[in-house]
Amino acid sequence: MVETKAAWKRIVARALAAHAAGKGMAEAGSGSLPGPDGVVLERPPKSELGDLGFPMFPYAKIMRAAPAQLASALAALIKGDPEAEGLGTASAEGPYLNVRLSRASLTATTLAAAASPSWGSVSGLAGKKVMVEFSSPNTNKPLHLGHLRNNVLGESLSRILSKAGAEVRKINHINDRGVHICKSMLAYQAYGEGRSPADEGLKGDHFVGKYYVLFNKLKEEDPSAEEKAQGMLLKWEQGDPEVRELWQKMKGWVLEGIKVTYARTGIAFDLYDFESDTYELGADAVREGLVKGVFYKEEDGSVWGNFEDIGLDRKVFLRKDGTSLYITQDIGTAIERHKAWPYDRLIYVVGNEQQYHFKVLFETLKRLGYDWAKDLHHLAYGMVNLPSGRMKTREGTVVDADDLVDEVAALAAKEIEDKGREDAVGDSGAVSERIALGALHYYLLQTSPIKDMLYDTAQSLSFTGDTGPYIQYMGARASSILRKHAAGEGNAVKGKASPDLLASDADWSVLKRVAELPEAVQAAADSMEPSVLAAYLHDLAADFSSWYRDNPVLNNPDPDLAASRLELVRAVKRSFEVASALVCVPFLETM
RNA sequence: GCGUUCGUAGCUCAGCUGGAUAGAGCGACGGACUUCGAAUCCGUAGGUCGCAGGUUCGACUCCUGUCGGACGCACCA
């Protein structure tokens with residue numbers, strides 16, 4: 001499809017040039033005539049109007065002709081173009097030049113492409129190294145709904161970029177130090193009595209999270225708790241063995257628990273960075289920058305950067321005692337990462353409340369003279385709010401990730417039971433789990449990342465309509481048809497497939513949708529928006545759904561048509577598999 | 001106060017680099033299961049695209065202003 005579109009842009013550009021020459025304005029107008037890349041191509045609103053549409057408005061002024069006249073003139077010229085031969089026919093529809101593609105050839109190439117193992121792969125990012133940092137949890141509590149959005153965004157984006165040809169490296173930057181970590185440790189010392197997660201039958205992350213919450217209780221009982229937390233942080237920094245040991249132990253518990261959640265939801269990383277290893281990085285770079293005049297020193301010895309010239313504020317980079325801050329560390333890690341693996345792009349999947357931080361960070365690296373600073377990108381995503389408002393730890397309104405998956409999976413299991421499909425699906429528990437992930441991931445990726453989103457329980461738990469399970473269901477229906485055929489049912493076994501037979505409007509619209517997959521992948525990669533693929537899946541599912549209802553495949557009386565449509569079903573299924581994987585929606589043969 | 005960002009149907013969201021009557025899902029109403037699984041399909045109702053200007057042959061899309069919401073502007077991360 002991509003090639004076809006490119007070909008038609010060439011044809012139209014050529015026709016425009018020929019028309020201009022014919023009017024004797026080769027010299028006068030040639031400068032303003034568009035090349036193939038400059039030709040505007042769109043999709044007609046109704047399929048009856050054609051497969052491709054070229055609006056003629058932009059050329060009307062240059063050519064000194066009405067758009068409608070141009071369209072007719074070009075349509076006539078294209079009739080004689082050898083390249084257009086066999087590709088399709090052009091006709092004028094008012095001010096638009098529309099093209100009807102020759103169905104058989106595109107059908108043949110699309111079905112063949114969809115059968116290949118690399119279906120959906122594109123080469124837009126071939127040879128590029130892209131690093132994606134995401135998730136980055138704290139080691140004092142379990143993951144919540146907000147992390148789920150971050151995780152699926154990062155994972156999906158990574159899969160998409162790699163499908164677009166990039167070499168992707170996924171990094172998890174673990175926040176394992178700081179006062180907040182010490183708080184859970186203090187509370188554990190006060191109330192833990194040496195127990196382990198196993199003793200309480202809890203996942204490690206939930207276990208530690210419990211003590212983090214208990215710190216509030218400790219504060220009430222001991223007014224100096226906050227100070228003690230600060231004191232503990234100091235001890236940690238000094239390498240106090242007792243503090244370090246407890247820290248290691250509790251951090252281990254949390255990571256163990258969080259990794260279970262990652263495994264369960266299909267999230268994986270190539271590399272774990274620990275803030276405890278990196279928090280002192282960057283100080284040298286700042287000191288060098290101070291010499292170069294990028295920063296300045298206050299009288300108290302603290303080091304600052306001034307960004308007022310670009311509409312930002314001033315910012316501290318080194319405390320008066322010379323120690324690093326969050327931003328200093330990020331400078332250091334970006335430099336280290338680039339040294340270790342010279343990336344063409346580094347994407348930070350981090351909440352939009354840190355937009356300011358990243359602006360300053362990127363500007364600082366630029367001022368420090370790193371030309372790759374332009375390759376840094378903050379993929380800011382909005383908060384997940386509840387109908388009742390923002391999630392708040394203190395008010396206990398945080399939606400726990402594990403609990404949520406459990407809840408949705410239980411609902412899916414009930415759905416399977418209600419429909420009496422336990423026998424058909426086999427392992428009902430495993431299927432429920434995959435349906436739950438499909439529902440949650442699709443729900444979280446549907447909305448474009450930048451926007452805050454509302455987590456509506458009822459809506460996200462719904463399996464009907466524009467949902468993950470709807471996508472999975474259509475994939476399962478396609479699988480079901482193929483399965484029956486493989487078992488010898490239906491007329492397709494007696495027939496011979498031929499692309500020419502898939503010429504009806506109904507077949508054609510499904511085929512076109514299938515053919516669009518590579519473009520959707522490329523668009524998603526370019527815009528860094530998995531939601532593009534979520535939308536593609538929905539369109540594919542909706543097209544397929546109405547198509548198979550009215551167009552019998554196996555039951556078709558004509559064996560050749562049955563066999564041909566079966567090939568279309570195969571291509572649809574492949575597209576479901578490929579696109580679903582890219583948005584972390586598990587594909588199901590049956591559900 | 002300054003900065004960033006969002007504002008599309010009752011609700012939740014799409015709308016590609018500006019282009020042909022603004023699209024889905026939920027909810028409402030009405031239809032379709034002796035036919036490849038009804039977690040489905042078909043139809044009806046519902047929008048001055050926050051508001052006001054501007055650029056353009058053409059603006060939901062770009063620019064300015066304005067109103068409303070969110071977030072940020074720590075020697076926290």
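Letters A, B, ... are given to chains in the order of the sequence lines, protein chains preceding strands, and every chain is numbered from 1.
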Carboxylate-amine/guanidinium contact A:R100 A:E93, below 4.0 Å: yes

Nearest to side-chain heavy atoms of A:S448, which nucleotide of B:G37, B:A14, B:A77: B:A14

Under 4.0 angstrom between A:K484 side-chain N/O and B:C36 OP1 or OP2: no

First encountered from the 5' end of RNA chain B, between A:M383 and A:R177: A:M383

Distance between C1' atoms of B:U17 and B:U21 (Å, rounded): 24 Å

Selected nucleotide, minimal atom distance to A:E353 side chain, candidates B:C73, B:C36, B:C71: B:C71

First of A:E275 and A:V532 reached from the 5' end of RNA chain B, by closest nucleotide: A:V532

Sugar-phosphate, base or nothing in reach of A:T447, heavy atoms under 4.0 Å: sugar-phosphate

Reference residue A:S276; test side chain to side chain donor-acceptor pair (under 3.5 Å); the match among A:D176, A:N175, A:T139: A:D176

Any strand: nucleotide that pairs with B:C13 via Watson-Crick or wobble, under 3.5 Å: B:G23

Euclidean distance, atom CZ of residue A:R549 to atom P of B:A38 [Å, nearest integer]: 6 Å

Partner nucleotide, any strand, of B:G53 [Watson-Crick/G-U, under 3.5 Å]: B:C63

A:Y59/A:F54 aromatic ring centres below 6.0 Å: no

Nearest-angstrom distance from the residue atom CD of A:E529 to C1' of B:C16: 11 Å

C1' atoms of B:U44 and B:U48, separation to the nearest Å: 23 Å

Integer angstrom distance from the C1' of B:A59 to that of B:G53: 13 Å

Cation-pi, A:F274 ring and A:K251 (6.0 angstrom, 45 degrees): yes

Sugar-phosphate only, base, or nothing, as touched by A:A476 at under 4.0 Å among non-hydrogen atoms: base

Sugar-phosphate only, base, or nothing, as touched by A:K320 at under 4.0 Å among non-hydrogen atoms: base

Pair partner, B:U4 [Watson-Crick or wobble, under 3.5 Å]: B:A70

Whole-Å gap separating C1' (B:G25) and CD (A:Q459): 7 Å

Sugar-phosphate only, base, or nothing, as touched by A:P58 at under 4.0 Å among non-hydrogen atoms: base

For atom OH of A:Y381 and atom C1' of B:C71, their distance in whole Å: 13 Å

A:W236/A:Y279 aromatic ring centres below 6.0 Å: yes

Spacing of A:L74 atom CG and A:M56 atom CE [to the nearest 0.5 Å]: 5.0 Å

Separation of atom CZ in A:R477 from atom P in B:A39, rounded to whole Å: 8 Å

Nearest-angstrom distance from the residue atom CD of A:Q354 to C1' of B:A70: 16 Å

A:Y96 over B:A20, stacked by centroid distance under 5.5 Å, angle under 30°: yes

B:C6, syn or anti by chi within 90 degrees of zero: anti

Sugar-phosphate only, base, or nothing, as touched by A:I435 at under 4.0 Å among non-hydrogen atoms: base

Sugar-phosphate, base or nothing in reach of A:L454, heavy atoms under 4.0 Å: sugar-phosphate

Presence of salt bridge, A:E298 and A:K320, under 4.0 angstrom: no

Which nucleotide in B:A74, B:C36, B:A39 has an atom nearest any side-chain atom of A:T464: B:A39

A:F215 ring center within less than 6.0 Å of A:H180 ring center: no

P gap between B:C41 and B:G27, integer Å: 13 Å

Closest to the A:L325 side chain, choosing from B:A39, B:C73, B:A77: B:A77

Nearest-angstrom distance from the residue atom CG of A:L461 to P of B:A39: 18 Å

C1'-based separation of B:C76 from B:A14 [nearest Å]: 38 Å

Sugar-phosphate only, base, or nothing, as touched by A:I416 at under 4.0 Å among non-hydrogen atoms: base

Separation of B:G72 P from A:D452 CG (nearest whole Å): 11 Å

Listed nucleotide nearest any side-chain atom of A:E42, set B:A39, B:C6, B:A20: B:A20

Distance, C1' atom - from B:A22 to B:C16, rounded to whole angstrom: 15 Å

Complementary nucleotide for B:G43 - Watson-Crick or wobble, under 3.5 Å: B:C29

Touch class at under 4.0 angstrom, heavy-atom based, for A:S545 against every strand present: sugar-phosphate

Per A:D466 side chain, nearest of listed nucleotides B:A39, B:C71, B:A24: B:A24

N/O (side chain, A:R565) to phosphate O (OP1/OP2, B:C36) under 4.0 Å: no

Gap in Å between the two P atoms, one belonging to B:U61 and one to B:A45, rounded: 27 Å

Sugar-phosphate, base or nothing in reach of A:K315, heavy atoms under 4.0 Å: nothing

Closest to side chain of A:K451, choosing from B:A20, B:C6, B:A77: B:C6

A:T278 side chain to A:Q329 side chain, donor-acceptor N/O pair below 3.5 angstrom: yes

A:H538, nearest nucleotide to its side chain (from B:A14, B:A77, B:A24): B:A24

Touch class at under 4.0 angstrom, heavy-atom based, for A:K359 against every strand present: sugar-phosphate

Sugar-phosphate only, base, or nothing, as touched by A:P67 at under 4.0 Å among non-hydrogen atoms: nothing

Donor-acceptor pair present, A:D418 side chain and B:A39 base, under 3.5 Å: no

B:G19 pyrimidine/purine six-ring stacking with A:F57, under 5.5 Å and 30°: yes

Interatomic distance at P, B:G3 relative to B:U64, whole Å: 12 Å

Salt-bridge present (A:E415, A:R421; N to O < 4.0 Å): no

B:A39 OP1/OP2 closer than 4.0 Å to side-chain N/O of A:Y473: yes

Touch class at under 4.0 angstrom, heavy-atom based, for A:R421 against every strand present: base

Sugar-phosphate, base or nothing in reach of A:L41, heavy atoms under 4.0 Å: base

Sugar-phosphate only, base, or nothing, as touched by A:Y548 at under 4.0 Å among non-hydrogen atoms: base

